[in-house]
Structure formats: structure tokens, C-alpha cells
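Quick note: residue numbers are just sequence positions, from 1. Just the heavy atoms: all of them, side chains too, but no hydrogens, waters or symmetry mates, feed the values below. Whatever order the structure lists ligands and atoms in, that order sets their numbers, starting from 1. What you see is a predicted model; the values in this text were computed from it and never measured.
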Amino acid sequence: MNASVKPDSCTVSTTCPYCGVGCGVTAKVENNQLIAVSGDKQHPANRGKLCVKGSALHETTSHSGRLLEPQINGQPVSWDQAINKAAQGFNKVIEQYGPDSVAFYLSGQLLTEDYYVANKLMKGFIGSSNVDTNSRLCMSAAVTAHKRAFGADLVPGCYEDLELADLVILVGSNTAWTHPIVYQRIVAAKKKRPQMKIVVVDPRRTATCDIADLHLALKPGSDSYLFTGLLSYLADNNGLDTTYIANHIQGFNAALSAAQEATPNTSEVAKHCNLDPDDLQQFYNWFCNITKAVTLFSQGINQSATGADKGDAIINCHLASGKIGKPGATPFSITGQPNAMGGREVGGLANQIAAHIDFSEPGNSKLVETFWQAPNMSHKEGLKAVDMFNAVKDRKIRAIWIMGTNPVVSMPDSNLIQKALQQCELVVVSDCVEKTDTTMCADILFPATSWGEKNGTVTNSERTISRQKSFLMAPGKSRHDWQIICSMAQAMGFKNGFNFTDPAQIFTEHAALSGFKNEGKRLFNISALSTLSEQQYDHLEPVQWPAVSTTKSSPRLFTDGKFNTLSGKALMVTVRPTLPVNQASAEYPYILNTGRIRDQWHSMTRTAKAIKLLRHIEQPFIEISPSDADHLNIQTNALLEVSNALGHCVAKAKVTAEQQPGSVFMPIHWNNRYAAAARVGNLVPPIRGRVSGQPESKHAPVKINKLNTAWQGILICNQELSDLPCEYWCKIPLKQGYRYELTGTSLPENWQQWISSVVTTSSDTITLSSTGDYRKISFIDNKPELIFFSSTEYLPNANWLCKEFNEEITTPAQRMALLAGKPIDNSDDCGSVICSCFEVGEKTIRQAINKGANSTEKLAEQLKCGSNCGSCLPEIKAMLG
Ligand SMILES: Nc1nc2c(c(=O)[nH]1)N[C@H]1C(S)=C(S)[C@@H](COP(=O)(O)OP(=O)(O)OC[C@H]3O[C@@H](n4cnc5c(=O)[nH]c(N)nc54)[C@H](O)[C@@H]3O)O[C@H]1N2
Ligand SMILES: Nc1nc2c(c(=O)[nH]1)N[C@H]1C(S)=C(S)[C@@H](COP(=O)(O)OP(=O)(O)OC[C@H]3O[C@@H](n4cnc5c(=O)[nH]c(N)nc54)[C@H](O)[C@@H]3O)O[C@H]1N2
Ligand code: SF4
Ligand SMILES: [Mo]
């Protein structure tokens, strides 16, 4: 246990482990239990606020489902056995096939200290650069765009710029759901200054559009046309800052001519992007005439094979109009994961070395070699994520260690990833959860500590380094990731370089490397933090880098117009706009777009533990436009199969005008642990950026078939089931037990046999069966242990059944009433939960609206909904009409 662990009961300032906003969290601990969380009022990112996910953190720290012991081939073993086996396995492969036959695949959810030692072990000691990360799927296009334009991976602005701006453009970002506290800061700023303009650029109408003055629902993948078109428009309409260009920019002429060639005028752009020319004109006019403009961009830009070009097309407009390095004016790539920035700072990508030092100059790896006193320094780039897993498939990589990420869910062509891992000689996985799609493929499992137990630092989207602190005991035999990596290094024979006993020692080494022979060459310099004592580290306040001689924050970069290039000038990259290579075809007529929902985090390993977070959206879905729904002859809740040459998914339709015709949307969260076939990675082709290596996760051509529903069912029990024998199932964890939603396309011959093959029960059972329908309830000591209803037509209310599952059902009459499936009183059913903070359901809100509560304020007064984090306000407003 770490020295900084607090007494049994205390209040600790720490950082949220979810999104890249990086909010400060005040954690209240009693008897080694996290009992409440609130926003840290002192933290510069959130000033006391938290979103729904952050507010539910205390509901996610139970130990159920945790990986608590090391395992070899599914059997619990001691740490020594697990580490020795993994170290010997890696060493054997390296001896036989060389260092490039092994790989690490890391995560932007690791702490900086974990990342640093993993990167150091692979690049300096094992001697390969095969260390990549899920940030490849997330930020690598933005990293490439930054490096090309600014000379280094630098985010110039800060959150305050979004509040100071007169024009905020949110491109490919569902900020309201994915960076909710930043969104709330924009909402508050617009409330104060209603003249502030908000433009949303997204093929879908999302919750983020709630505050938009203009929504550009462009053709999927056409953003580069939009922004080269903007550059041409600036040139034609006096929107360039010629002095700034003369003093601080290279490559202007080439970039402008390419833009003018591809997109000479607005009508040309309108054609490429399928936009209304008047809307386009309005957007261009605002950007041209408003000096304080921020363009915030996210995965709608990054997750594209030309994402780096799209990023640079945006940056070009800011450079050419001098809208950068000034309060309220900046391009802003917002980070997704809590420590994607920290990972980039450490250099945990296959094409970087460390501390913003890359392979571009031969001396660079020597510099790091000297600093690390590295015995086997790698001098060349390694394999990026997609190529790394291809090499696993081709047996060029024979041992892989995956930490803090779930690639069998999140990588493109996930079926292939699963197969590649299943046949790989040695797969080691460090995770805090026992059963994930990826841990199921592991030979060796290392149990890692989780949020609240871990201790280290993270960097958020505005370059602020904050402490994440441990205040809970590490459960079972779990250990911190950095400790596991250091043990592994030592077991592999690297005695020096990994004998750290506290994360502070790792952090200060990382800080010292950032300043090592820096001489102003690298803006990422936090050498002021290299002398922190363990105590100072424990009490480190949030600090924005660079931090060179003092820990005073630097909110903005490039304020003097000096960039991190040799000439000091920024480069306007020549962008030739294109559309995605894979377009819709007769065989695959729909474009599948994938992304996030408000209350779930990635593969759900943590957010699905907070019951209330699942009540907003319980099941996977396919959003489809009304005209496409008509064409397929379907309505909401129809069962659909989405497929292409790579795989298939099954989910229920959600027909909505928010979706444009030809395009469908599925959430990324559900996977084989939670549903029959809803892992969208199955359908994503592994097309990726030439330089960035980032996969095109938002643009997969697919076909859609309606599946005929023969029956539907609800099954509630305490057992965690998978592979249920029907086309569609979805697992919904309850406070006690699980609810399974089921749909089949053909009626089983014998229901009794069907249900017995799924779940075993005691003999105290009552059943009811009629043509097509079947009901079974089993009891242990008067408490239901199984409730199963299947029907060709009618199913009782699921929430009511779940409530009954927790009741004592004593009399025969009560038992028969339950079997009859008729609640006496249906008033408990409040519909899907819209406001997760106060658990206010859709039906409750509708009732209040019908009774005259005609504003969000009145609803908040009556029901409290929307009055805490505000994440649900866009939905409430939509209900108000
Ligand atoms: N609730 C929640 N929040 C999260 C996460 C989570 O799992 N859950 N994950 C975090 C992480 S790691 C990340 S990276 C961020 C991601 O944050 P976002 O990027 O905001 O999230 P996404 O939903 O992936 O995609 C954003 C939008 O891109 C749009 N899009 C698709 N194609 C195009 C296109 O061609 N052009 C444009 N302009 N837009 C397009 C989609 O319709 C979608 O609305 O969220 C972070 N925050
Ligand atoms: N189709 C499609 N695919 C996508 C995306 C998309 O928009 N569309 N988005 C991409 C993006 S932006 C991202 S960031 C990825 C995210 O994808 P992943 O990184 O695969 O998703 P997570 O579910 O966050 O996986 C984190 C894993 O680490 C475990 N874990 C949590 N904390 C710790 C810890 O401290 N230590 C260790 N060792 N383990 C821990 C969790 O239990 C979980 O199993 O998905 C990418 N994939
Ligand atoms: S906005 Fe992001 S960092 Fe802040 S509380 Fe929500 S999930 Fe956590
Ligand atoms: Mo991400």
C-alpha cells in the first residue's frame, strides 16, 4: 500500500478517471469506503461541478467483478509465479526472434507514471519501439496535425478560451455528452453573453446542438472541404491576417492554392458537403468577421484516414486569420481519455521516443539512451496499433502485454483482433476487471488497482497536470500498474532503472527528462517539477505546462507568434480534400457512424456498475432516419441486423430525424459481455491514416436487414449469463442480480427445455404456458431466484418485475399475481431515466409538462431534474418542444 494512503475516514482531492476534461473530485471516505463525491471547487477545470458519470463514481468502486488475483490459464497463482512466467515468456521470445517480436499495447487511462515505466522498459531496455496505445484510435490524427503545423504535439489554448470566444465551432464533437463540464462552461458563457455564436458541425443532430445557432449536418467525412472552403473564403473576403502570415507562417501560398483549386467558392463546398449554401455562407461570414473564434474538434475529425489533414485544414484557417495564441482565439483538439495527454507527453506511441522527443533526428534516441542509461535503446519507430495486431496475427509478434484497454472491443475489425490474440503464443493482460472480451483471450492476467486505489498524475485537455490519489485499500492481491511493470522489468533481468518505490520518483525522473538538454527546443518542459519531494508531489496543486523554472501556469501557447519549429514559424499544411475511400454501394448502402452515449464509458467495465447510469439508455440501438426506416419498412424497436464483409451486429432500431438518410449510428459501448452481437468494432474496416495510423472508426459501409421477431422475453436472475440461445440478448445489471432482454426470430420447440439450458433453478417453481407464451418463476425461501417471461405479444413492465424480484412473495395469491404479470399499481414506472443525478424518468417529466410545467426552471423546481450537472437539459428541452 502506498505511503500517501489516507486514514480510514477522510476527504481527498483527486481527479475524475473518465474524460479528458480532467475535473477535480472531492472524495469523502468513511471506513475505507467511498461514500460520496463532489466537484472540487478549487480545481480550475470544473470549479466544483461534476457531470453524471463523475457524480456516480462512488457507485462504481464495489469489488464485484474485479480481478483480484494473478492468473495463469484461468487458474489463480501467486504474483511471483505470474511475473516469472510472463518474464520468462517474453525473454524466450526475444532470445529466439529478437526484440521486435514482442509488444506492449497501453492506454490513455493509465497514469503518467505507469506509462513512463512501460515506455522506458520497451524502448530503452527491451530494445523495441513496439509500444503503442489506444490513443492511436483516439488522438493520433490530432497529434500528427499538431506536429506538422506547430513542430510539436501542442494544444495551444485552454478552456477559458471557450468562454471568452464570440464564436465557438464544435466540429465532430458531441461535447454535451462527451465533455459535459466543458459544455456546461460554454452554456454558462452563452447565457451571460447571448450574442456569442455557437456552430455545430456533425452529420447527426446531437444533444450538443441544443445551444447551436447553426447546425451544419454535413455529408459524413466531408469536413476537409468545409475547411479548405473556409480558407478560400477568408482569402476572397478580406479575412486573412496578412501581417501575421508574413511574420509567423510558412506554406501559406501552397495551402491557399490547393484550397482554392479544390473549393473555389461556397457553392462548390455546398455540393461536396451536401449543405445549404446559405447556412454555409452564414458560418463562413461569422468566422471571417469574428476575431475571437475557437474551433474545438474531436472524433468526428480524428477518426478518419485523413483525420490529420482535416485537423490541419482547421488549424490553417486559424493560422491564416491570426486566430491563435490569443485569449478566446484558438484551434482546440479536445482529448478523450483522462490521461491521453500524459501518454503523449511520456511518448508512449510507437513513433515517439519520450518527452516529446521523436525519431526525426538521429541524435534523439541517443539523448534518451544517455538519460536512461539504457542498455538496449531502440533507434527506430515501432508498429502502430493496427499494424501491431496484424503482426500478432502474422506471428511476427509472439508476445504482447495489454494494459488498461480492451482492444477486442475497441479496435477496428475486432473479430480479427480476437482471433489474433487467441492464437498468439503469449498474451498478458493487466486489468482491474476479470471478464472482458480481451481478458478472455489472455494466458496471464495481472490484477491492477483501479481509480481510488491508484496514485499518480494525469494531464487534461488544457495541459493541466493533476494528482489522482489513492484513498481506498487495494483489493485482493491487486497492484499498481507501475509496480507490476517494474517487477516485470526486474524479472526480465533489468535490475537498474526500475527500482522505484513511490510514483513521485517516477514523475520526477519524467520531469527531469523533459528538461534534459532541452535548451528551449521542446515546449513540453516540466523540469520545474523534477525536484519535488514525495511530500510536495502528494500535495501538488493542478499545474499547466510548460513549467520550466517555476510552477506558474502557462494557460496559452504561441502568444508571441513563435512556434516549436526550427524557423519558429508555423507551417500551413497543404491539404487536398478527399472523401473517405469506402463509400456506400449497392451492396452496402448505409454508412455506419459510431460513438458515445451520455452515461456509459467505453466498454462499460466501470459505468455499468452504477445502476442509475444504465437507466438512461439500457440497450444497444441503431439510429436510423425516418425515410430509411420507411424504406426498410420498420419502426422503432424493430430488430435489425447490420453487417458487412467483416462481421455483423444485431440491435433495435431507433427511428429519429436526428439521423440523416443513408447514415446510421451505433454506440460503441456494448460488447460480448453485455449483448449478443452489439460490438460495433466487428464492422469497422481497419483503414487508417498514412502518417497518423488512426483508424476510420466513423465511416463503415454496411447493409441492414430487418429480422422478424417471433418472440420477446425478460429473464431476471442472480446469475451472470452469456451466449444465450437467441438472436438478441442484452444484460442489464441490477442492484441485485441481472435483467436480460431477449428477442428470438423463431419460437423454441420446448420452452421448458430452452430455459433449463440457460439457467438452473431450485424445484420451488411455478410455470404458465399457452400458445407461444411461457412464464416461469422459481423461488428460494419465498424470494424469486428466477423470473422468466416470454411472449409472442405482451410482456409485463420490466421495472415492475425487477422490483418484484427483490420482494418476499409469500402467499399463493401473490405468486399467481406475479405469474399473471399484472401489477396492481403501475405508478412506479417512470420510464427511462433522463436525469440520472436525481433519477427522474421520462414519464414523470412528461406528466409534469402536461400539468403545466412549461420550462426547465419549473421542472427543476418541481422534480429537481436538470438542476445538478445539467447534462440532461438538452433532452428535457427537447421534451418541452
Ligand atoms: N459519456 C462518455 N463520454 C466520453 C467517453 C465515453 O466513452 N462516454 N469517451 C471519452 C473519449 S476517450 C473520447 S475520445 C471522447 C470522444 O468525444 P466525441 O468525439 O465528442 O464523441 P463521439 O461520440 O465519438 O463522436 C463525436 C461526433 O462525431 C460525429 N461524426 C461522425 N462522423 C463525422 C464527420 O464525418 N464529420 C463530423 N464533423 N462529425 C462526425 C458523430 O456523429 C458524433 O456525434 O469522449 C470522451 N468522453
Ligand atoms: N468504432 C469505434 N471504435 C472506437 C471508438 C469509436 O468512436 N468508434 N473510439 C476509440 C477511442 S477514442 C478510444 S479512447 C477507445 C477506448 O477503448 P478501450 O480503451 O478499449 O476501452 P475501455 O473500456 O476504457 O478499456 C479500458 C480497460 O482498462 C481497464 N482499466 C480501467 N482502469 C485501469 C487501470 O487503472 N489499470 C489497468 N491495468 N486497467 C484498467 C478497464 O476495466 C477496461 O477493461 O475506443 C476506440 N474505439
Ligand atoms: S466532465 Fe469528464 S472529467 Fe468531468 S466529471 Fe464528467 S466525466 Fe469526469
Ligand atoms: Mo478516446
| query | Going by heavy atoms, is G336 under 4.0 Å from ligand 2? | reply | no
| By residue and atom, what protein N/O/S atoms are less than 2.8 Å from atom 8 (Fe) of ligand 3? | C16 SG
| note | Restricting to heavy atoms, the pick from S410, S414, G456 nearest atom 3 (N) of ligand 2 would be S410
| request: List the atom of N302, the atom of C138, and the distance in Å for their closest heavy-atom pair. | output: ND2-O, 3.1 Å
| query | Heavy-atom contact under 4.0 Å between W451 and ligand 2? | reply | no
| Considering only the protein, which heavy-atom contact is closest to atom 25 (O) of ligand 1, and what is its distance? | K698 CE, 3.3 Å
| query | Looking only at N/O atoms, are T206 and ligand 1 under 3.5 Å apart anywhere? | reply | no
| Residue-ligand contact M139/ligand 1, heavy atom below 4.0 Å | no
| query | Do any N/O atoms on N134 end up under 3.5 angstrom from N/O atoms on ligand 2? | reply | yes
| query | Does NZ or CZ of R204 come closer than 6.0 Å to the centre of the six-membered ring of F665, within 45° of the ring's axis? | reply | yes
| task | For the pair E59 and R615, find out whether any cationic side-chain nitrogen is under 4.0 Å from an anionic carboxylate oxygen. | result | no
| query | Among L216, D202, V200, which one has a heavy atom closest to atom 27 (C) of ligand 1? | reply | D202
| request: Do me a favour and list the nearest non-hydrogen protein atom to atom 12 (S) of ligand 1 with residue, atom name and distance? | output: H602 NE2, 3.1 Å
| Closest protein heavy atom to atom 38 (N) of ligand 1, given as residue, atom name and distance to 0.1 Å | D223 OD2, 2.7 Å
| task | Compute the minimum heavy-atom distance from R596 to ligand 2 and say whether it is under 4.0 Å. | result | yes
| message | Within the structure, is a non-hydrogen atom of V409 found at a distance of less than 4.0 Å from ligand 2? | response | no
| In ligand 1, which numbered atoms sit nearer than 4.0 Å to a non-hydrogen atom of G221? | 34 (C), 35 (O)
| Should E453 and F471 be marked as a side-chain contact (heavy atoms from CB on, under 4.5 Å) after you check the CA-CA gap, both sets of side-chain angles, and the distance that decides it? | CA-CA 6 Å; E453 300 145 17; F471 45 84; over 6 Å; no
| Side chain or backbone of C138 under 4.0 Å from ligand 2, or both, or neither, by non-hydrogen atoms? | both
| message | For atom 21 (O) of ligand 1, what is the closest protein heavy atom, and at what distance to 0.1 Å? | response | T178 CG2, 3.4 Å
| So is V433 polar-close to ligand 2, meaning N/O to N/O under 3.5 Å? | no
| query | Any N/O of R606 closer than 3.5 Å to an N/O of ligand 2? | reply | no
| note | closest protein heavy atom to atom 19 (O) of ligand 1 is S298 OG, 2.6 Å
| request: Could you tell me the residue and atom name of the protein heavy atom closest to atom 26 (C) of ligand 1, and the distance to it rounded to 0.1 Å? | output: G172 O, 3.3 Å
| query | Any heavy atom of T449 sitting closer than 4.0 Å to ligand 2? | reply | yes
| message | Checking D40 against R47 for the salt bridge (charged side-chain N to carboxylate O under 4.0 Å, His left out) test, could you report, in this order, the C-alpha distance in whole Å, the side-chain angles of both residues, the deciding distance, and whether it holds? | response | CA-CA 6 Å; D40 180 350; R47 302 168 190 153; over 6 Å; no
